[in-house]
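A short worksheet on the structure shown next.
Convention: sequence-line order gives letters A, B, ...; per-chain numbering from 1.
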Protein chains: 2
Amino acid sequence: MTAPSIRARVRAEMIDEIKAIARQHLAADGANLSLRAVARDLGMVSSAVYRYFPSRDELLTALIIDAYDALGAAVEAADAGTTPDDLRGRWHGVFRAARRWALDNPAEYALIYGSPVPGYAAPRDTVEPAQRPPVVLVGILRDGFTSGQVTPPPADELSDPVRADLAAISDLIAPGLPEALLARGMAAWTQLFGLISFEIFGRLNNGLDHRDEYFDHQTRLMADLVGLP
Amino acid sequence: MTAPSIRARVRAEMIDEIKAIARQHLAADGANLSLRAVARDLGMVSSAVYRYFPSRDELLTALIIDAYDALGAAVEAADAGTTPDDLRGRWHGVFRAARRWALDNPAEYALIYGSPVPGYAAPRDTVEPAQRPPVVLVGILRDGFTSGQVTPPPADELSDPVRADLAAISDLIAPGLPEALLARGMAAWTQLFGLISFEIFGRLNNGLDHRDEYFDHQTRLMADLVGLP
DNA sequence: CTGTGTCGAGAGCAGTGCTCTCGTTCCGTA
DNA sequence: TACGGAACGAGAGCACTGCTCTCGACACAG
């Protein structure tokens with residue numbers, strides 16, 4: 001890797017600056033991001049932005065990938081910061097880290113987990129970073145299973161076709177994990193997403209004031225569901 | 001209620017027609033609904049639509065309320081069509097009805113359960129219809145509790161502040177339901193929302209082909225969680 | 001029958017994404 | 001070191017959007 005030319009470095013800085021301003025607009029105005037407004041804030045004309053992003057959707061895609069990576073990094077860091085054998089500690093740490101990141105970055109959370117933008121199809125680049133949080137979750141389950149701390153549910157609680165589907169998924173993200181346990185892990189992941197979405201999108205504004213404790217309680221229910229000791 | 005004048009009846013029909021066309025556009029183009037395009041399809045000019053809806057947001061709000069009511073009606077009809085004592089039958093019926101409606105009306109589902117439109121605050125009119133599906137769910141739990149078929153979880157699995165919050169919610173939508181059972185019902189409701197959202201928003205496009213069975217399995221896990229016999 | 005209020009059409013304003021053109025500046029290569 | 005191509009920013013312009021205002025036509029209540 002040779003030293004990047006001044007132009008390349010300036011270009012990289014420009015891209016970062018555009019994304020930073022765009023993130024601010026996102027937080028202020030929501031998903032209907034105005035490329036012209038971003039350009040104005042940068043002191044340049046809208047057509048100049050097109051030197052860096054071929055379209056508004058491409059800019060949004062870049063922000064989406066960044067958001068996935070930021071959430072994934074936060075979750076992985078939380079998991080890495082706990083003692084590996086303390087499964088419940090890891091579990092709660094991961095759940096809390098995901099919620100914390102979402103509460104700190106609600107606009108970006110809405111961007112990646114809200115309704116997809118109409119004509120917008122998620123590019124291939126987004127599927128890998130999008131899998132990081134659930135992979136961490138099932139990683140805890142796999143550790144528990146291999147160490148014997150977690151007893152998997154009976155395999156026959158799954159119908160054959162579903163078990164086959166889950167076996168394929170298991171091969172990709174958590175080889176060796178029993179399908180019935182993976183199914184419960186996915187239930188927990190679905191629950192985590194639903195809990196955060198309800199809170200971020202204001203569906204808990206009905207007198208549920210102690211949200212930290214409520215979240216922890218639901219996290220505990222899911223820990224029980226997957227069989228953490 | 002006197003007979004409505006011709007003008008009033010024509011106006012009501014016009015409102016319905018606008019909403020019908022708008023729903024078509026919603027299904028085709030997603031949430032960025034163009035009022036002008038709707039007007040074009042109706043053979044009139046955009047300013048004429050403003051005689052019926054004061055703004056695009058008001059039109060969207062009307063569609064949102066209709067969507068909430070349609071989903072609520074579908075769920076309630078499913079619950080009413082089963083035998084009251086068969087709690088698990090009712091449970092699965094409600095879950096399936098909600099999913100069915102969402103799969104049949106993905107754009108409207110995204111409208112009410114996707115990321116909220118930026119500057120858009122849900123009007124008061126939407127909170128009551130929005131509560132209909134969860135109310136049906138906890139209704140099953142309350143029936144099971146009062147009939148003795150469902151044994152509530154130990155009350156001390158909840159911290160005091162959360163139990164107080166849940167007691168207030170319980171008073172509103174399911175008086176007499178133990179808080180710990182309500183908490184599990186809300187977990188099930190969160191799970192239902194998450195399951196549908198993952199499927200509608202394409203987050204299950206990873207080899208999970210037998211979605212009906214997968215959905216039923218997760219529904220069963222939630223039935224176990226809330227303690228249905 | 002007459003005045004009031006509703007209706008639809010049209011023009012217009014400010015904003016949007018995006019394209020194209022035109023000088024200017026940078027930078028690898030000869 | 002000089003040059004030619006590439007990258008860059010500015011500006012004009014197109015088609016579109018939500019929304020407002022005005023104006024003529026019609027319906028309806030008194």
Side-chain angles (χ1 to χ4, degrees), chain A residues 1-19 21-22 24-26 28-64 111 116-121 123, chain B residues 1-26 28-64 111 116-121 123:
Chain A
M1 189 63 77
T2 165
S5 67
I6 294 182
R7 199 160 211 163
R9 209 179 54 219
V10 169
R11 180 179 177 83
E13 284 172 8
M14 198 70 203
I15 287 179
D16 282 347
E17 202 168 345
I18 292 175
K19 291 200 286 189
I21 302 282
Q24 292 178 17
H25 282 244
L26 217 57
D29 300 343
N32 49 6
L33 181 67
S34 163
L35 206 139
R36 287 180 114 113
V38 171
R40 267 196 301 274
D41 272 19
L42 285 163
M44 52 188 206
V45 95
S46 76
S47 60
V49 179
Y50 283 85
R51 298 283 176 194
Y52 301 93
F53 294 94
S55 74
R56 198 195 74 130
D57 273 7
E58 292 284 334
L59 173 54
L60 274 178
T61 299
L63 295 178
I64 287 174
L111 198 60
V117 183
Y120 179 82
Chain B
M1 189 65 77
T2 167
S5 67
I6 295 182
R7 200 162 210 161
R9 209 180 54 218
V10 169
R11 181 179 176 83
E13 284 172 9
M14 198 69 203
I15 288 179
D16 282 347
E17 202 168 345
I18 292 175
K19 290 201 287 190
I21 302 283
R23 257 186 290 267
Q24 292 178 17
H25 281 244
L26 216 58
D29 300 343
N32 49 7
L33 181 67
S34 163
L35 206 139
R36 286 179 112 112
V38 171
R40 267 197 300 275
D41 272 19
L42 285 164
M44 49 188 208
V45 96
S46 75
S47 59
V49 180
Y50 284 85
R51 298 283 177 193
Y52 302 93
F53 293 94
S55 75
R56 197 194 75 129
D57 273 6
E58 292 285 334
L59 173 55
L60 275 177
T61 300
L63 295 177
I64 288 174
L111 198 61
V117 183
Y120 178 82

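Put simply, the residue from B:L26, B:L33, B:N32 that forms a side-chain contact (heavy atoms from CB on, under 4.5 Å) with B:D29 is B:N32. Exactly one residue among B:Q24, B:H25, B:R56 makes a side-chain contact (heavy atoms from CB on, under 4.5 Å) with B:V38. That residue is B:H25.
Rounded to whole Å, the distance from CG on B:N32 to P on D:dC16 is 15 Å. When the P atom of D:dC23 is taken as reference, atom CZ of B:R51 falls 14 Å away, rounded to whole Å. One can place CZ of B:F53 at 13 Å from P of D:dC19, the figure rounded to the nearest angstrom.
Distance check, rounded to the nearest 0.5 Å: CG of A:L60 to CD1 of A:I64 gives 6.0 Å. Here the straight-line distance linking atom CZ of B:R40 with atom CD1 of B:I21 works out to 12.5 Å at 0.5 Å rounding. Residue A:I18 holds its CD1 atom at 12.0 Å from CG of A:D41, rounded to the nearest 0.5 Å. One finds the CG atom of A:L42 at 5.0 Å from the CE atom of A:M14 (value rounded to the nearest 0.5 Å).
Comparing A:R40 and B:V49 by the nucleotide of DNA chain C whose heavy atom lies nearest to each, the residue mapping closer to the 5' end is B:V49. Mapping A:S55 and B:R11 onto DNA chain C by nearest heavy atom places B:R11 at the nucleotide closer to the 5' end.
Among the heavy atoms of the strands lying under 4.0 Å from B:L33 are primed sugar atoms or P, OP1, OP2 only; no base atom is included. If you check every strand for non-hydrogen atoms under 4.0 Å, B:Y52 touches sugar and phosphate atoms only.
Taking side-chain N and O atoms only, B:S34 has a distance below 4.0 Å to OP1 or OP2 of D:dG18.
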- Query: In B/S/- notation, 5' to 3', how is nucleotides 24-30 of chain D contacted by protein heavy atoms closer than 4.0 Å?
  - Reply: ---BS--
Counting only pairs under 3.5 Å, give me each side-chain donor-acceptor contact of residues 43-55 of chain A, with atom names and distances, residues two or more places apart or in other chains.
residue	atom	partner	partner atom	Å
A:S55	OG	A:D57	N	3.3
A:S55	OG	A:E58	N	3.2

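On the nucleic acid side, DNA chain C contacts chain A at distances under 4.0 Å to non-hydrogen atoms, with the end points of that region at C:dT16 to C:dG28.
Across B:S34 and B:A37, no two heavy atoms sit closer than the pair OG-N, 3.0 Å.
Of the candidates D:dC8, D:dA10, D:dG18, D:dG18 carries the atom nearest the B:R36 side chain, counting heavy atoms from C-beta on.
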